[in-house]
Amino acid sequence: MPSLFEPIELGSIYAKNRILMAPLTRARGTREHVPTPIMAEYYAQRAGAGLIISEATGISREGLGWPYAPGLWSQEQVEAWKPITAAVHAKGGKIVAQLWHMGRMVHSSVTGQQPVSCSATKAPEALHTYDGKQAPEVARPLTKEDIARILNDYENAARNALQSGFDGVQIHAANGYLIDEFLRDGTNHRSDEYGGSPENRIRFLREVTERVIATIGADKTSVRLSPNGDTQGCIDSHPGQVFVPAAKLLNDLDIAFLELREPGPNGTFGKTDQPKLHGPIREVFRKPLVLNQDYTREEAIETVATGVADAIAFGRPFLANPDLVRRLEDNLPQNKDDIRTWYSQGAEGYTDYPLAR
């Protein structure tokens with residue numbers, strides 16, 4: 001039986017264990033979305049993970065509406081990422097960049113432009129800005145020319161990720177952001193080849209993934225999906241009809257691994273009664289499958305040992321426990337995270353969580 005603590009190959013990446021650090025927005029960049037030196041310390045502290053998936057990182061000015069989040073579209077950003085990835089590698093770790101276009105989940109006061117999406121919808125609640133939370137705005141539906149431009153942005157960001165020293169990328173196709181907005185019938189109201197049938201709604205995900213693969217290789221490309229439930233107002237009426245075919249497509253494209261964020265009815269960060277889909281997805285996705293959301297130590301060990309998944313990604317536990325792998329191995333108590341400092345600037349609640357004694 002495979003063990004959570006055994007190595008695994010994730011495409012071109014040799015991960016020393018099956019405990020992944022899930023992507024966590026931490027907002028420690030500049031207002032120009034340039035990474036800062038403290039981020040090197042933060043990620044290096046967590047290099048014990050088999051693989052770190054970076055915080056969501058903007059592919060373009062248009063697609064990044066989170067205050068102080070980092071981007072990967074400019075050379076200045078590339079140069080600022082280099083010491084961060086080098087710090088992780090110096091500690092024996094591996095790290096991929098999560099590529100992010102937020103779609104309708106941005107505010108024009110942050111991006112300087114109207115949000116965009118597949119259709120003219122708006123976020124369900126107020127959005128983070130530099131001046132507190134502000135009411136959402138209706139998104140401008142993307143034209144075919146817009147889509148072609150965004151595919152170029154993904155290509156540029158993927159190329160920049162490797163130039164920055166990342167070991168690969170994860171395409172963020174989850175959590176109600178742009179690709180997810182295309183996937184789900186609750187937000188995709190298009191009548192062209194990008195809307196309607198599940199095959200059409202999957203088209204944008206396919207084109208993004210194919211473009212990233214063509215740029216950096218399938219063995220350095222992974223994807224995150226959130227198949228079940230309502231995420232930021234984004235929900236599908238029949239998730240199995242779109243996400244199982246999407247997983248089959250990603251399998252056929254030979255991506256390195258697929259990560260699923262699946263809340264349950266008692267989730268601590270989002271909850272839903274829509275059933276989890278990792279079972280049907282496992283039947284069509286034969287590459288490494290990574291699961292995420294509210295896994296205890298015992299559940300993670302059992303999930304890997306029984307072959308339900310190949311690895312588990314932990315988010316908030318890694319936020320508060322830089323040495324999470326050791327704590328899981330030795331069954332040590334864990335620090336609790338402080339929600340007040342999730343998105344604050346500075347070291348508090350970022351690089352000052354204590355190690356286990």
Side-chain angles (χ1 to χ4, degrees), residues 23 25-27 29-34 55-74 77 98-154 156-157 171-192 194-196 200-201 203-205 207-208 224 226 229-237 261 269-270 342-345:
T25 294
R26 301 306 313 277
T30 69
R31 283 185 73 128
E32 292 72 40
H33 304 292
V34 177
E55 63 205 279
T57 301
I59 63 165
S60 64
R61 172 70 282 177
E62 169 193 84
L64 184 54
W66 198 284
Y68 301 107
L72 254 178
W73 63 82
S74 74
Q77 291 163 335
Q98 192 191 55
L99 304 184
W100 198 24
H101 191 302
M102 296 176 66
R104 69 179 187 170
M105 299 301 299
V106 309
H107 194 273
S108 61
S109 69
V110 179
T111 63
Q113 51 196 293
Q114 183 182 0
V116 298
S117 185
C118 48
S119 303
T121 64
K122 66 179 181 179
E125 54 195 26
L127 299 171
H128 291 273
T129 76
Y130 290 111
D131 301 306
K133 289 195 171 183
Q134 297 193 43
E137 302 155 310
V138 175
R140 176 177 66 80
L142 291 167
T143 65
K144 304 279 182 60
E145 292 74 22
D146 289 323
I147 290 172
R149 171 179 53 76
I150 290 172
L151 292 175
N152 290 339
D153 291 338
Y154 274 102
N156 177 61
I171 298 167
H172 194 346
N175 297 2
Y177 297 114
L178 182 61
I179 297 174
D180 205 18
E181 291 160 17
F182 270 89
L183 288 170
R184 306 205 207 204
D185 59 13
T187 40
N188 187 336
H189 308 146
R190 296 176 77 99
S191 57
D192 63 2
Y194 290 96
N200 282 359
R201 285 182 278 129
R203 186 182 306 275
F204 183 58
L205 169 65
E207 291 179 348
V208 170
R224 182 180 234 222
S226 52
D230 179 325
T231 309
Q232 305 193 116
C234 197
I235 190 166
D236 195 82
S237 59
R261 175 181 174 260
F269 195 70
W342 282 6
Y343 311 126
S344 60
Q345 281 66 66

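- Put simply, the side chain of R26 gets close to the backbone of W342: a donor and an acceptor are under 3.5 Å apart.
- Of all the heavy atoms in G229 and R184, the pair that sits closest is O-NH1, 2.8 Å.
- Here A56 pairs with T25, Q98, W100, H172 under the side chain to side chain contact (heavy atoms under 4.5 Å, CB included) rule; sequence neighbours left out.
- A donor-acceptor pair shorter than 3.5 Å can be found between the side chains of R203 and N200.
- When all heavy atoms of P67 and A27 are compared, the pair lying nearest together is O-CB, 3.5 Å.
- The closest donor-acceptor contact from the side chain of Y130 to the backbone of Y68 lies under 3.5 Å.
- With Q77 contributing its side chain and H33 its backbone, the two residues share a donor-acceptor pair below 3.5 Å.
- Side-chain contact between L183 and D236 is absent, with no heavy-atom pair separated by less than 4.5 Å.
- Contact detail for V138 and Q114: the closest heavy-atom pair is O-NE2, 3.0 Å.
- Between V208 and L205, every side-chain heavy-atom pair lies at or beyond the 4.5 Å cut-off.
- No donor-acceptor pair closer than 3.5 Å links the side chain of D230 to the backbone N or O of I235.
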Assess the residue pair V116 and R140 against the criterion (side-chain contact (heavy atoms from CB on, under 4.5 Å)); give the C-alpha distance rounded to whole Å, side-chain angles, the decisive distance to 0.1 Å, and a yes or no.
CA-CA 5 Å; V116 298; R140 176 177 66 80; 3.6 Å; yes
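- Q232 contributes a side-chain N or O that, together with a main-chain N or O of N175, makes up a donor-acceptor pair within less than 3.5 Å.
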Evaluate side-chain contact (heavy atoms from CB on, under 4.5 Å) for Q113 paired with R61, printing each intermediate quantity in order.
CA-CA 9 Å; Q113 51 196 293; R61 172 70 282 177; 4.0 Å; yes
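- If you take CZ on R201 and CG on D185, they are separated by 4.5 Å, rounding to the nearest 0.5 Å.
- Between S60 atom OG and L99 atom CG the span is 11.0 Å, to the nearest 0.5 Å.
- In this structure, T231 contributes its side chain and C234 its backbone to no donor-acceptor pair below 3.5 Å.
- Side-chain contact between H128 and V106 is absent, with no heavy-atom pair separated by less than 4.5 Å.
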Just do the side-chain contact (heavy atoms from CB on, under 4.5 Å) check on N188 and F204 with the steps written out, would you?
CA-CA 11 Å; N188 187 336; F204 183 58; over 6 Å; no
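- In terms of heavy-atom proximity, P141 sits nearest to C118 at CB-O, 3.9 Å.
- With sequence neighbours excluded, no residue forms a side-chain hydrogen bond (donor to acceptor under 3.5 Å, both in side chains) with S119.
- Annotation: side chain of L142 is in contact with side chain of R190 (closest heavy-atom distance under 4.5 Å).
- A donor-acceptor contact shorter than 3.5 Å links the side chain of Q345 to the backbone of Y343.
- Within the 4.5 Å cutoff, no side-chain heavy atoms of E137 are placed close to those of K122.
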Would you please test R104 and T187 for side-chain contact (heavy atoms from CB on, under 4.5 Å) and show each step?
CA-CA 10 Å; R104 69 179 187 170; T187 40; 3.6 Å; yes
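- Between Q134 and L127 the shortest side-chain heavy-atom distance does not fall below 4.5 Å.
- The closest side-chain heavy-atom distance from E207 to Y194 is below 4.5 Å.
- By the 4.5 Å heavy-atom criterion applied to side chains, K133 and E125 are not counted as neighbours.
- Under a 3.5 Å cut-off, the side chain of D153 and the backbone N or O of I59 do not form any donor-acceptor pair.
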